[in-house]
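Just so you know, residue 1 is the first one in the sequence shown, and it goes up from there. Read the numbers this way: they start at 1 and go in the same order the structure lists the ligands and their atoms.
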Amino acid sequence: MSKRLENKKIVVTAAGQGIGRATAIAFNNEGANVYATDINEDTLKKLNKEHPNIKVKKLDSTNKIAVKDFSESLDTVDVLFNAVGFVHHGTILDCEEKDWDFSFNVNIKSMYFMTKFIIPKMIKQNKGNIINISSIASSLRGLPNRFVYGTTKAAIIGFTKSIASDFIKNNIRCNAIAPGTVHTPSWEERVKAAKDPIQAKKDFIARQPMRRLGTPKEVADLAVYLASDESDFITGVTHAIDGGMSI
Ligand SMILES: NC(=O)c1ccc[n+]([C@@H]2O[C@H](COP(=O)([O-])OP(=O)(O)OC[C@H]3O[C@@H](n4cnc5c(N)ncnc54)[C@H](O)[C@@H]3O)[C@@H](O)[C@H]2O)c1
């Protein structure tokens, strides 16, 4: 039986840990040729050791020249999975200009560079597929202490719709995924950094009506569907996967 992503060449960003890593593995398991990128070389090496079929490349997605060079090293790309993101904790009062600039750089400019340099290949192929990681904390829901994070994640929804609209004629699809809280290494760090970590953990779980966190694998399974031809009639849509947070 053929696998769901057989022969697809897929670039994954933020593949060193969490959702990006789980998605790179799920894509590989479904037969894709995966190019896993991340700024962290150590986590990439670990990924490659455990999954030797996955090609890894250290890449800072906010570095324009590095992204351009990387995209030029690839002949074709069928799917681009943009997962780079950083959570700044706080309201507008806690968000200095440097925090604003950092979050916009990491969360959205990285996506702009990756897409800008890879989409010409998709136009040439007259086929392509881009999947962007947004969040429930975005234009979908306002959550406390997620001011600049939610603002950037809302921008990703607009970005996704614009790309979907502009390139539908080129047979290029673009969708977003909006997870609720997912159990990843950075989530564990956020809990540890809280004033009262035990209460913080309880609060994270309590805000999800299913009373549990999502797993990176659950998000990866949705990404496999969106990357596959099974979802060929879907574009410009933000897909919530959030344990009921957005009901
Ligand atoms: N974990 C959650 O609860 C949750 C919920 C909603 C959305 N998201 C989003 O999902 C995405 C992944 O989050 P996660 O929690 O799985 O991952 P994470 O925060 O645990 O890991 C992020 C990865 O991104 C890499 N990275 C950071 N800056 C980079 C850069 N400039 N270039 C390349 N790589 C870089 C890091 O090295 C790391 O491997 C993010 O966009 C995040 O905002 C996460």
Looking only at atom types and distance, does a side-chain atom of [X] sit under 3.5 Å from a main-chain N or O of [Y], one as donor and one as acceptor?
X	Y	value
Thr13	Thr37	no
Arg173	Gly236	no
Thr115	Met111	yes

Nearest-neighbour protein heavy atom for [atom], which is reported as residue plus atom name and distance:
atom	answer
atom 6 (C) of ligand 1	Pro179 O, 3.4 Å
atom 35 (C) of ligand 1	Ile39 CG2, 3.6 Å
atom 28 (N) of ligand 1	Val84 CG1, 3.9 Å
atom 37 (O) of ligand 1	Asp38 OD1, 2.6 Å
atom 32 (N) of ligand 1	Ser61 N, 3.0 Å
atom 20 (O) of ligand 1	Gln17 NE2, 2.7 Å
atom 4 (C) of ligand 1	Gly180 O, 4.0 Å

Take every heavy atom of [X], measure it against each atom of ligand 1, and state whether any distance is under 4.0 Å.
X	result
Pro216	no
His183	no
Ser134	yes
Thr43	no
Ala137	no
Met114	no
Thr13	no

Side chains of [X] and [Y] in contact at under 4.5 Å (non-hydrogen atoms):
X	Y	result
Ile157	Leu140	yes
Asn171	Lys127	yes
Val11	Phe70	yes
Asn129	Lys8	no

Ring pair (Phe, Tyr, Trp, His ring centres under 6.0 Å): pairs with one or both residues in residues 192-242, sequence neighbours excluded
Trp187-Phe204
Donor-acceptor contacts under 3.5 Å from residues 144-151 side chains, at least two apart:
{"residue": "Arg146", "atom": "NH1", "partner": "His89", "partner atom": "ND1", "Å": "3.2"}
{"residue": "Thr151", "atom": "OG1", "partner": "Phe147", "partner atom": "O", "Å": "2.6"}

Please compare Ala66, Ala220, Ser186 and report which has the shortest non-hydrogen distance to atom 19 (O) of ligand 1.
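The nearest heavy atom belongs to Ser186.
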Compare Thr37, Ile133, Asn132 and give the one whose heavy atom is closest to atom 9 (C) of ligand 1.
Ile133
Against heavy atoms of [X], which atoms of ligand 1 measure under 4.0 Å?
X	value
Gly18	16 (O)
Ile19	10 (O), 16 (O), 44 (C)
Ser135	6 (C), 7 (C)
Ala83	11 (C), 12 (C), 40 (C), 41 (O)
Thr62	31 (N)
Tyr149	6 (C), 7 (C), 8 (N), 9 (C), 42 (C), 43 (O)
Asn40	37 (O)
Asp60	30 (C), 31 (N), 32 (N)

Side chain, backbone, both or neither: which applies to [X] and ligand 1 if a contact is any heavy-atom pair less than 4.0 Å apart?
X	answer
Thr184	side chain
Leu59	backbone
Glu189	neither

I'd like to know if [X] and [Y] make a salt bridge, using a cut-off of under 4.0 Å between side-chain N and carboxylate O.
X	Y	result
Asp203	Arg207	no
Asp75	Lys9	yes
Lys192	Glu188	no

Can an N or O of Val182 be found at a distance shorter than 3.5 Å from an N or O of ligand 1?
yes
So, is Ala14 polar-close to ligand 1, with some N/O to N/O distance under 3.5 Å?
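Checking ligand 1 against Ala14, no N or O pair falls under 3.5 Å apart.
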Using a 6.0 Å distance limit plus a 45 degree cone around the ring axis, check whether Lys169 lies over the aromatic ring of Phe167.
yes
Do Thr160 and Ile156 pass the side chain to side chain contact (heavy atoms under 4.5 Å, CB included) test, and can you show the C-alpha distance, the side-chain angles, and the key distance before you say yes or no?
CA-CA 6 Å; Thr160 300; Ile156 290 172; 4.0 Å; yes
Can you confirm whether more than 12 heavy atoms, excluding those of Lys121, are under 6.0 Å from its NZ atom?
yes
What about Ile133 and Val182, same hydrophobic cluster or not, with Ile/Leu/Val/Met/Phe/Trp/Tyr joined at side-chain heavy-atom distances under 4.5 Å?
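Yes, because Ile133 and Val182 connect within a single hydrophobic cluster, where side-chain heavy atoms sit under 4.5 Å apart.
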Starting at CG of Asn82, measure out to CD1 of Ile108 and round the result to the nearest 0.5 Å.
9.0 Å
